[in-house]
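Note sheet for the following structure.
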Amino acid sequence: MAKTVVVGSIAFDAIETPFEKTDKIIGGAGTYICFASAYFSNPHAVAVVGGDFPKEYIAKLQNAGVSVEGIQVKSDEKTFFWSGKYLDNMNQRETLVTELNVLEHFDPIIPDSYQGVEYVILGNLSPVVQRQVIERLKKKPKLIVMDTMNFWMDIMLDELKKTISMVDVITINDDEARQLSGEYSIPVAAQKIMEMGPQYVIIKKGEHGALLFHKKEIFYAPAMPLYSVIDPTGAGDTFAGGFAGYLAQQDKTDFETMKKALVVASAMASFTCEKMGTAGIESLSDEQIEERINAFKTLTAYS
Ligand code: AMP
């Protein structure tokens with residue numbers, strides 16, 4: 001089976017939507033990426049949790065097909081905690097709390113068994129840690145996909161730009177693309193970000209879909225219109241996991257394959273939105289995934 005290396009937060013999240021409020025539940029960018037990419041590849045997780053993190057949950061990741069040797073447990077420390085609140089339109093979110101805890105001094109370990117893996121997903125995490133992962137891989141991967149967020153633009157823009165210069169694909173949402181590039185037009189922002197290094201830029205627009213840019217080419221994948229959106233947390237991470245997992249499975253990195261990967265990514269992200277936390281992405285059947293991917297064809301095909 002195709003392999004991926006996934007680095008990202010494994011976290012406790014507390015989520016507030018107009019309809020529901022959770023206590024601490026399991027989340028984290030790395031968690032969502034691992035679940036999503038595990039449907040297409042064998043993700044090799046690189047992460048750190050505190051002694052308060054339930055062991056059963058690591059076993060759950062393992063049961064989903066994730067290699068967990070690279071997950072460090074710091075028994076005297078606390079797991080990363082993030083809390084967010086959705087506004088009434090469910091498309092905008094406010095971060096209420098970010099407690100880095102164990103992530104503050106995260107020194108990623110790449111076990112020997114992870115070396116040689118050719119598809120790498122750098123989930124939303126400090127750009128310094130993302131770069132350390134790249135530097136600790138002995139062989140240059142075929143494809144490095146990176147996700148990031150405004151938090152890192154606000155506090156370490158120079159470090160972020162250094163990491164961006166080392167990756168092949170960046171996924172970023174529209175507001176963040178504008179912030180990073182200083183441009184309002186999305187295609188102009190994408191061009192500016194490509195000038196920073198990545199050959200491919202994916203700009204996510206939440207419920208309005210995602211755009212893939214490469215040189216002067218543009219491809220658009222809509223988001224699946226959902227009858228019920230319960231919790232969009234992790235949709236962006238799920239998207240990145242589905243995208244890179246699919247490319248690893250196909251072992252292709254050309255623009256045509258990336259178009260299909262964008263649809264796969266959108267399909268996977270839609271599952272995450274339908275349930276609270278990771279519940280929507282934890283246990284899908286191949287049939288459910290195939291059906292959702294096919295639904296994208298009928299959504300946009302016309303004669
Ligand atoms: P998304 O909805 O795709 O933006 O991802 C939300 C997930 O990202 C949550 O599960 C959080 O735990 C995680 N997250 C939020 N902020 C950070 C951060 N600064 N560093 C690492 N992970 C984060």
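The chain is numbered in sequence order, starting from 1. For the numbers below, each heavy atom of this structure counts, side chains included, while hydrogens, waters and symmetry mates do not. Ligands are counted one by one from 1 in listed order, and the atoms in each one are counted from 1 as well.
Contacts between Ala235 and ligand 1 below 4.0 angstrom, taking non-hydrogen atoms only, involve the backbone exclusively. The part of Asp13 lying near ligand 1 is the side chain, judged by heavy-atom distances below 4.0 Å.
The protein heavy atom nearest to atom 22 (N) of ligand 1 is Ser9 OG, 2.8 Å. The shortest contact between atom 4 (O) of ligand 1 and any protein heavy atom is with Arg93 NH2, 3.0 Å. When hydrogens are left out, the protein atom nearest atom 21 (C) of ligand 1 is Asn124 O, 3.2 Å; that is the closest non-hydrogen contact. When hydrogens are left out, the protein atom nearest atom 15 (C) of ligand 1 is Trp82 CD1, 3.4 Å; that is the closest non-hydrogen contact. Summary of contacts: the protein heavy atom closest to atom 7 (C) of ligand 1 is Asp237 OD2, 3.5 Å.
Remark: Lys204 does not engage Asp175 in a salt bridge, criterion side-chain N to carboxylate O under 4.0 Å. Taking 4.0 Å as the cut-off between side-chain N and carboxylate O, Lys142 and Asp168 do not count as a salt-bridged pair. The pair Glu256-Lys259 meets the salt-bridge criterion, since a charged nitrogen lies less than 4.0 angstrom from a carboxylate oxygen.
Checked against Leu212 for a side chain to side chain contact (heavy atoms under 4.5 Å, CB included), the options Ile202, Val201, Thr171, Ile218 give a single hit: Ile202.
Contact atoms of ligand 1 toward Tyr32: 10 (O) (distance under 4.0 Å to a heavy atom of the residue). Close approach of ligand 1 to Gly236 (heavy-atom distance below 4.0 Å) involves ligand atoms 3 (O). Those atoms of ligand 1 with a heavy atom of Ala11 less than 4.0 angstrom away are 12 (O).
Taking the six-membered ring where the residue is Trp, Tyr57 and Phe35 present perpendicular rings, their angle passing 60° and hence far from 30°. Using the six-membered ring where Trp is involved, Tyr114 and His44 have ring planes that are perpendicular, over 60° apart on the 30 and 60° scheme.
Counted by atom type alone, Ser37 and Tyr32 present zero donor-acceptor pairs between their side chains at under 3.5 Å. Side-chain contact, Glu274 with Ser228: no donor N or O sits under 3.5 Å from an acceptor N or O.
Within the 4.0 Å heavy-atom cutoff, Phe80 counts among the residues contacting ligand 1. Close to ligand 1: Trp152, with a non-hydrogen atom less than 4.0 angstrom away. Remark: distances from the non-hydrogen atoms of Phe12 to ligand 1 are all 4.0 Å or more.
Here's the thing with Gly28: one of its N/O atoms is less than 3.5 angstrom from an N/O atom of ligand 1. Taking any N or O of Met149, backbone or side chain, none lies under 3.5 Å from an N or O belonging to ligand 1. Ligand 1 has no N or O atom lying under 3.5 Å from any N or O atom of Phe151, backbone or side chain.
Remark: aromatic rings of Phe12 and Phe53 are close, center separation under 6.0 Å.
In this structure, Lys24 satisfies the cation-pi test against Phe81, with its NZ or CZ atom closer than 6.0 Å to the six-membered ring centre and inside 45 degrees of the ring normal.
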